[in-house]
Amino acid sequence: MAHLSLIADEDLDRIHDAAVRVLVEIGTRIMTEGGRRLLLDHGGRLEGEDTVRIPAELVARALETAPTRFTMFDRNGEPALHLGEGNVYVGAGVTNLNYLNPRTGQVEDFTLRATAESTLLADALPHIDFMATPGATRPSDDLPSQIVNQCEFLEMVTNTTKPLMVLIAGRPELADIYDMAELVAGGAAALRERPFVIPYLNSVSPLTFNPETVDKLFEAVDRGLPVCCQAAPQVGATGPATIAGTMVVAAAETLMGLVLAQLRAPGVPFVSGTVPFLMDMRSGAVTTGAGDGVRFMIAMAQLCRRWGLPSVGMSFGGDSKLMDEQAAAESAFYGFGAVLGGVDMIFDAGCLEGGLLFSPELLVIGDELADITRRAVEPFEVSDETIAFDTIRSVGPGGLFLAEPHTLAHFRELWLPRMLSWERRNVWETAGSKTLRGRARDRVFQVWEEHRPDALPGDVLDGMQAVVEERRAAPPPDR
């Protein structure tokens with residue numbers, strides 16, 4: 001698959017060198033004793049209460065020990081995502097606060113039911129490759145905070161066989177999710193050999209690793225499991241008002257995550273990258289940034305390839321508050337940019353309002369756009385057969401290729417839509433003159449009515465529920 005190179009290699013090196021200088025000369029807040037001690041034991045220097053500066057060789061060593069590629073599997077143990085090999089994978093979600101219910105058209109709080117519905121839909125869509133936690137469920141008397149993430153995972157893992165990216169509050173929740181995943185995989189060794197779950201972690205910009213992030217990172221790598229630790233500084237707010245400057249902050253943060261991971265567990269798989277946000281200085285709103293956000297993400301993917309690390313990014317969503325023309329336009333534009341940029345794992349399909357509102361209808365449209373955009377950058381075969389010189393000679397000037405055997409042999413290779421309307425007007429009118437959103441809504445309801453993923457064995461379901469109930473009985477974590 002072809003990728004866009006936006007900036008020159010020497011400029012990538014300047015950004016890398018500046019990021020390393022940040023780690024060496026300015027440092028990063030590491031807000032756990034264990035994290036600080038790990039760095040200090042390997043040559044780091046403590047500045048003040050919790051800021052640690054590290055020697056440049058720790059970064060170089062971490063880049064050497066981290067694998068350049070690895071595979072994520074599906075729930076059944078089959079290879080699914082070949083990361084670091086030039087592929088682009090698209091995922092649904094992540095962690096929206098609200099849900100645009102297609103039954104009513106109303107914005108609602110995100111619930112476990114919405115998690116189940118969103119995951120079931122993603123499972124049925126052929127061009128959605130993985131599922132990220134689609135929404136942040138609010139705790140309640142029946143759903144105390146210490147089991148929210150585990151219950152979200154339970155809904156996800158029972159409604160899809162696709163790989164899962166999970167966003168979790170803290171280490172206890174992640175530990176429980178791993179225990180549940182081990183039941184699904186057939187044990188800890190089986191999960192390490194064929195991981196189907198990856199946690200989504202991010203530093204707190206600028207240059208801060210809070211206790212939860214450090215602890216979750218250590219929980220993952222201590223089990224020998226892959227981790228995604230990206231940075232999300234906002235251009236002009238938690239990063240400088242230039243893309244290059246904010247990219248330095250993002251690079252420094254994700255490199256620090258890499259150093260922590262590789263010191264703790266050399267060779268553990270690691271996904272880097274950024275989720276680009278920009279502040280609209282007119283209002284203070286945080287946005288995905290249109291062309292500037294795409295430039296940021298493409299350049300960061302380039303830098304990750306130069307490092308030899310798989311990358312993560314955000315796309316196939318946008319800032320519209322409704323499932324409208326702006327939503328479709330942003331989803332297409334951002335998606336094409338991320339695919340052109342060669343981001344390994346792109347989540348955010350189905351997300352509106354900058355990741356605050358999830359729309360099942362937009363997810364269906366995103367599935368079609370994921371297919372279109374990846375097709376658009378797929379090289380095509382050039383051979384004697386595809387050049388078709390003899391067929392061109394046979395048809396000659398003014399002829400028609402429609403009835404040629406070569407056409408019969410190859411016309412099915414051309415892309416055709418599932419959601420977009422290509423039919424003649426009279427056919428479209430006879431079918432009800434439905435808009436793209438209307439067709440997407442029909443597909444949502446069809447999936448919910450008809451699609452059922454493979455069921456997990458009863459003893460696995462019972463075991464996962466027991467993990468949840470054990471945590472329910474425990475006191476909430478002190479945060």
Side-chain angles (χ1 to χ4, degrees), residues 1-6 87-96 100 122 125 127-132 134 165 200 202 230-236 243 246-247 250 273-280 285-304 311-377 419-420 436-437 440:
M1 184 178 291
H3 301 317
L4 174 63
S5 293
L6 191 64
N87 305 304
V88 174
Y89 298 102
V90 178
V94 61
T95 57
N96 298 265
L100 186 56
L125 298 176
H127 306 293
I128 299 299
D129 305 301
F130 66 95
M131 185 69 195
M165 174 179 278
Y200 167 78
N202 58 269
Q230 57 84 38
Q234 302 160 13
V235 178
I243 294 173
T246 302
M247 190 171 164
T274 191
V275 174
F277 288 107
L278 287 82
M279 177 168 283
D280 184 342
V286 177
T287 77
T288 48
D292 287 332
V294 170
R295 287 199 296 166
F296 186 3
M297 186 164 50
I298 290 174
M300 194 67 187
Q302 266 189 268
L303 183 59
C304 289
S311 62
V312 71
M314 175 178 80
S315 202
F316 294 100
D319 293 299
S320 180
K321 313 307 179 288
L322 302 171
M323 185 45 248
D324 60 0
E325 295 87 350
Q326 178 180 333
E330 289 177 331
S331 183
F333 171 73
Y334 293 140
F336 200 22
V339 170
L340 278 173
V343 180
D344 291 79
M345 297 183 75
I346 306 169
F347 61 75
D348 214 39
C351 297
L352 296 165
E353 205 173 341
L356 297 178
L357 177 63
F358 187 82
S359 166
E361 295 153 314
L362 186 60
L363 180 58
V364 170
I365 295 170
D367 177 72
E368 182 101 318
L369 294 172
D371 190 22
I372 294 171
T373 53
R374 287 185 286 196
R375 176 70 168 192
V377 298
M419 285 291 109
L420 301 183
L436 175 59
R437 183 181 183 182

Which side-chain N or O atoms in residues 343-355 pair as donor and acceptor under 3.5 Å with protein atoms at least two apart or in another chain?
unit_1: D344; atom_1: OD1; unit_2: S311; atom_2: N; d: 3.0
unit_1: D344; atom_1: OD1; unit_2: S311; atom_2: OG; d: 3.3
unit_1: D344; atom_1: OD2; unit_2: G84; atom_2: N; d: 2.8

Exercise for the section: May I have the step-by-step check of side-chain contact (heavy atoms from CB on, under 4.5 Å) for V364 and M419, ending in yes or no? Expected result: CA-CA 8 Å; V364 170; M419 285 291 109; 3.6 Å; yes

Practice task
Hey, could you give me each pair passing ring-ring contact (aromatic ring centres under 6.0 Å, His included) that has a residue in residues 349-376? Not counting sequence neighbours.
Solution key: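 Passing the test, one end in residues 349-376: no pairs.
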
Has the side chain of [X] got a donor or acceptor atom that lies under 3.5 Å from a matching backbone atom of [Y]?
| X | Y | result |
| --- | --- | --- |
| D367 | H127 | yes |
| R374 | A370 | yes |
| Q234 | V286 | no |
| Q230 | V312 | no |

Looking only at heavy atoms, which two atoms of [X] and [Y] are closest? And how far apart?
| X | Y | result |
| --- | --- | --- |
| F296 | A250 | CZ-CB, 4.2 Å |
| L369 | S331 | CD1-OG, 3.4 Å |
| P276 | M297 | CG-CB, 3.9 Å |
| S320 | L322 | OG-O, 3.0 Å |
| A440 | I365 | CB-CG1, 4.0 Å |

Among all residues two or more places apart in sequence or in another chain, which pass the side chain to side chain contact (heavy atoms under 4.5 Å, CB included) test with [X]?
| X | value |
| --- | --- |
| R437 | L100, M323, E361, T435, R441 |
| D319 | T287, T288, Q326, E330, Y334 |
| F336 | L340, T373, A376, V377 |
| A122 | A92, I128, M131, L363 |

Problem - D292 and V235, any side-chain heavy atoms less than 4.5 Å apart - result: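 Answer no - side chains too far apart.
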
Practice task
Find out whether Q302 and L6 are in side-chain contact, i.e. whether some heavy atom of one side chain is under 4.5 Å from a heavy atom of the other.
Solution key: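 A side-chain contact under 4.5 Å exists here.
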
Problem - Distance (rounded to the nearest 0.5 Å) between L125 CG and E368 CD - result: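 Here the rounded value is 10.5 Å.
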
Handout entry: Approximate separation, where rounding is to 0.5 Å, of I298 CD1 and L303 CG
Key =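 I298 atom CD1 to L303 atom CG measures 14.0 Å (nearest 0.5 Å).
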
